[in-house]
Amino acid sequence: MQKRLEDTIEYLNAKANFKPEIGIVLGTGLGGLVNVIEPVATIKYADIPGFPVSTVEGHAGQLMFGYLAGKKVVAMQGRFHFYEGYDIQTLAIPIRTMKLLGVETLLLSNAAGGMNPNFKVGDVMLITDHINLMSTNPLIGHNDEFFGPRFPDMSAVYDKALIQNAERIALEQGLQVQKGVYMAVTGPTFETPAEYRMMYRMGADAVGMSTVPEAIVARHAGMKCFALSIITDLGVEGVVEEVSHEEVIKVANAAEEKMTGIIKQLVAEM
Ligand code: HPA
């Protein structure tokens with residue numbers, strides 16, 4: 001069972017002494033959002049007591065404190081994935097750290113495969129709900145009532161007002177966005193055509209290997225959540241093509257500007 005991250009918070013307070021109200025988790029190929037943050041302090045995960053260390057390619061592995069559109073934020077440049085071999089409970093650490101630092105709203109992004117036949121590669125999808133198909137849950141184990149209840153409600157994980165605002169902002173910026181249900185799987189394999197078909201029939205519009213554990217931990221701790229996916233490849237019947245991590249990163253990089261524009265304005269209006 002985790003302690004309440006006293007060492008982690010003490011270290012971050014000593015290093016940054018910054019009370020962010022918004023937390024941001026940047027997905028594969030989407031770390032460039034940090035370029036629009038006015039940094040106050042940047043701290044490598046490897047230097048933070050109690051923090052796991054990121055291993056996957058395309059992730060910088062650091063926490064950045066600073067100002068985005070005038071708001072105090074903390075951004076994770078690089079996240080931790082279950083497929084890297086961490087215990088599922090380890091994925092709670094950065095989110096609970098943000099909570100303890102004072103974060104009230106968590107913004108998440110990811111790269112995802114699209115099953116909805118209306119989707120195109122490069123689309124932004126605002127996540128309206130999720131399906132946890134990881135067959136595990138970051139809240140398994142002793143429940144620390146300090147953070148939240150044993151059996152947390154998940155009836156509205158993604159904040160409706162933030163989704164509405166993001167949709168309007170996208171329109172104002174001349175961007176077409178999709179909305180849909182995100183399904184989380186463990187990875188690291190991409191899906192077979194039969195799996196994509198099953199997932200679509202189960203009610204998911206997109207699939208990926210992240211975000212859901214973090215959203216669960218955030219909701220458990222009473223934080224508001226907003227998440228979006230960049231559709232980097234399609235798992236649509238008849239159009240399933242080969243996928244590679246390189247292609248995912250390339251498409252995510254190309255769509256980064258769209259995501260950055262939406263998040264920046266969303267934060268400005270908070
Ligand atoms: N499946 C799972 N995860 C992903 C995909 C996908 O097709 N694309 C990007 N992340």
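Read the numbers this way: they start at 1 and go in the same order the structure lists the ligands and their atoms.
- Salt bridge Lys120/Asp123: present, at least one basic N to carboxylate O contact under 4.0 Å.
- Cation-pi geometry between Lys72 and Phe65 is not satisfied (NZ or CZ under 6.0 Å from the ring centre, within 45° of the ring normal).
- When each atom of ligand 1 is checked for a heavy atom of Met209 under 4.0 Å away, the hits are 2 (C), 3 (N).
- Closest protein heavy atom to atom 5 (C) of ligand 1: Gly113 N, 3.3 Å.
- Close approach of ligand 1 to Ala112 (heavy-atom distance below 4.0 Å) involves ligand atoms 5 (C), 8 (N), 9 (C), 10 (N).
- Ion pairing between a basic and an acidic side chain is recognised when a charged N comes within 4.0 Å of a carboxylate O; Lys224 and Glu104 show no such pairing.
- Comment: Arg168 engages Glu269 in a salt bridge, judged by a side-chain N to carboxylate O separation of less than 4.0 angstrom.
- Close N/O approach between Val185 and ligand 1 is not found [any backbone or side-chain N/O within under 3.5 Å].
- Near Thr232, meaning under 4.0 Å from any of its heavy atoms, are these atoms of ligand 1: 8 (N), 9 (C).
- Taking the ring centroids of His245 and Phe190, they lie at or beyond the 6.0 Å cut-off.
- Closest to atom 1 (N) of ligand 1, if we only count protein heavy atoms, is Glu191 OE1, 2.5 Å.
- At the shortest separation from atom 8 (N) of ligand 1 among protein heavy atoms lies Asp233 OD1, 2.7 Å.
- Scanning the protein for heavy atoms near atom 3 (N) of ligand 1, the closest one is Gly208 CA, 3.4 Å.
- Residue-level proximity to ligand 1 for Val207 is carried by backbone and side chain together, each with a heavy atom below 4.0 angstrom.
- Between Phe51 and Tyr45, the two ring planes are tilted [angle within 30° to 60°].
- Looking from atom 10 (N) of ligand 1 to the surrounding protein, the closest heavy atom is Ala111 O, 3.3 Å.
- Using a cut-off of 4.0 Å between Lys/Arg side-chain N and Asp/Glu carboxylate O, Lys250 and Glu246 are scored as not salt-bridged.
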